[in-house]
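A quick write-up on the structure given underneath.
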2 protein chains.
Amino acid sequence: MDKPAGRKRTRIQREKRELILEAALEVFSQHGFRGSTIDQIAEAAGMSKPNLLYYFKGKEAIFVTLIDRLMEAWLAPLREMDAAGDPQTEIRSYIRRKIEMARDFPRESRLFANEILQGAPRILPLLEGELKELVDEKAGIIREWMRQGKLKKADPHHFIFAIWATTQHYADFDVQVRAVLGPDKGGEGRFEDAARFLEGLFLG
Amino acid sequence: MDKPAGRKRTRIQREKRELILEAALEVFSQHGFRGSTIDQIAEAAGMSKPNLLYYFKGKEAIFVTLIDRLMEAWLAPLREMDAAGDPQTEIRSYIRRKIEMARDFPRESRLFANEILQGAPRILPLLEGELKELVDEKAGIIREWMRQGKLKKADPHHFIFAIWATTQHYADFDVQVRAVLGPDKGGEGRFEDAARFLEGLFLG
DNA sequence: CAAATTTTTGACCGTTTGGACAAACGTTAG
DNA sequence: CTAACGTTTGTCCAAACGGTCAAAAATTTG
């Protein structure tokens, strides 16, 4: 998918590719795929367009590389949910991690949201395969926890959806959240407030 | 903002403008603003590009008209929340209405989500003004309900955010929801399942 | 050092896109 | 019927865009 189709990558290639991916994340997350231009990404990366195209085959290749990496990090928190752990603690940790990701990696969250909004043209197979399997597995764990009375009974799949929706909301809809909370309540503390609220909502 | 700057609009103008807006909603909600072309919209509306531009000044004008209308409908359910009503019933009705909108008007939801994701360049003033005022008012009502013990105590602003996030999730992330639920659980019943789950979550 | 290889760039190309325009077509009122 | 007005279209344009290419510049290697 990338230009240096040869064997190993040089130091410069590794560095420049990282630089490009960082710049592309910034640009893509702000304007979406179609709304972003190679020139914008090149400028953000501090290089010329042909130079950028020396490291990546094209716009699509950059985007795909970006989203592939993203998915790994995206699923990690759910993967860490442990059937052997204490249910309340496990759920609380999961919510915390997801809120921290919304706070620390909002660009990644928006990139992902954008892809899903457009119908997930590039990652649909992954959603129907790997993601579905993972969610089904964890839903089973949650269902068992609920049966044991450790969590309030509810549909485990929708339970997971609700955690996704509420936590990612603080990254994807950040502008709206800040606009509504205003300058005082909308400061940096909003993520801590959100985390506390969500723990109460899902565990109270 | 629109071509016929003259006084009143003819019957044909009203009809054709509606046709264009319907087509534009379809196209914009699928590809976003930058990802959509006037030609696509014109074709979806069954007319030529110059003809479409006879009714609207440009691509931007179509989009703005669309989003202006949208905001009205979008805020309506929250506006209907009545301080004099029964808290449980009012919240339940609000959730129901929002889920119904996600089910019946997913294109509108995605259009809105797209605009917010891009930083709300066209509606930021509205978010900071009208929306914030409305939310503050309703948050006050909810806070009072909580003080009376009619609802579980929590931050009312984040409470509203959570309802927005969870309900709109079923429109904006529909592809993902269906992929994860699979063919059986992901059928038409998913909205009813979601509604029941959310009532339990927010009112249980 | 010089040769080989990698990296960078300016110039260029074909396509797509938003939009303009005048001419043609249709409709309606006097 | 015809003049005025509203509607539709074919044609055209300039800018933006994704991408190519050959040659120059820099770096690595022998």
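These figures come from a predicted structure and were not determined experimentally. So that the names make sense, note that chain A is the first sequence line, chain B the second, and so on, each numbered from 1.
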Checklist entry - How many Å lie between CD1 on A:Ile38 and P on C:dT16, as a whole number? => result 16 Å

Checklist entry - What is the ring orientation for B:Phe112 with B:Trp74, classed by angle as parallel under 30°, tilted 30 to 60°, or perpendicular over 60°? => result tilted

Item to check | Atom CD of A:Glu43 with >12 non-hydrogen neighbours under 6.0 angstrom | outcome: no

Checklist entry - Does A:Arg34 place a side-chain N or O at less than 4.0 Å from the phosphate oxygens OP1/OP2 of C:dT17? => result yes

Checklist entry - If only side-chain N and O atoms of B:Tyr55 are considered, is one of them under 4.0 Å from the OP1 or OP2 phosphate oxygen of D:dT8? => result yes

Item to check | Proximity to the side chain of B:Thr37 - top-ranked nucleotide from C:dT9, D:dG18, C:dG18 | outcome: C:dG18

Item to check | Any B:Asn51 side-chain nitrogen or oxygen under 4.0 Å from OP1 or OP2 of D:dT7 | outcome: no

Next on the checklist: Measure CD/B:Glu60 against P/C:dG19 and give the value in whole Å, please.
Outcome noted: 9 Å

Item to check | Side chain of A:Lys16 - closest among C:dT8, D:dG18, D:dT8 | outcome: C:dT8

Checklist entry - Taking CD1 from A:Ile62 and C1' from D:dG19, how many angstroms apart are they, rounded to a whole number? => result 12 Å

Checklist entry - Any side-chain N or O of B:Tyr54 less than 4.0 Å from the OP1 or OP2 oxygen of D:dT7? => result yes

Checklist outcome for this item: Rounded to whole Å, CD1 of A:Ile41 lies from C1' of D:dC17 at a distance of 12 Å

Next on the checklist: Does this structure show an ion pair linking A:Lys185 with B:Asp136, if we count only N-O contacts that are shorter than 4.0 Å?
Outcome noted: no

Item to check | Protein-nucleotide distance (A:Gln40, atom CD; D:dG18, atom P), rounded to Å | outcome: 8 Å

Checklist entry - Looking only at side-chain N and O atoms, does A:Gln13 come under 4.0 Å of OP1 or OP2 in C:dT7? => result yes

Checklist outcome for this item: Judged by nearest nucleotide, the residue sitting upstream toward the 5' end of DNA chain D, A:Ser36 or A:Pro50, is A:Ser36

Checklist entry - Salt bridge or not for A:Asp86 and A:Arg92, using N-O below 4.0 Å? => result no

Checklist entry - Rounded to the nearest Å, what distance is computed from the CG atom of residue B:Leu53 to the P atom of nucleotide C:dA22? => result 16 Å

Next on the checklist: Do A:Lys16 and A:Tyr54 have side chains that approach each other closer than 4.5 Å (heavy atoms only, starting at C-beta)?
Outcome noted: no

Item to check | Nucleotide of D:dG18, D:dG6, C:dT17 approaching A:Lys59 most closely (side-chain heavy atoms) | outcome: D:dG18

Next on the checklist: In this structure, how many angstroms lie between the C1' atom of C:dT27 and the CD atom of B:Glu15, rounded?
Outcome noted: 15 Å

Item to check | Rounded interatomic separation in angstrom, taking CG from B:Leu52 and C1' from C:dA20 | outcome: 14 Å

Checklist entry - From the list C:dG19, D:dT9, D:dG18, which nucleotide is the closest neighbour of the side chain of B:Lys49? => result C:dG19

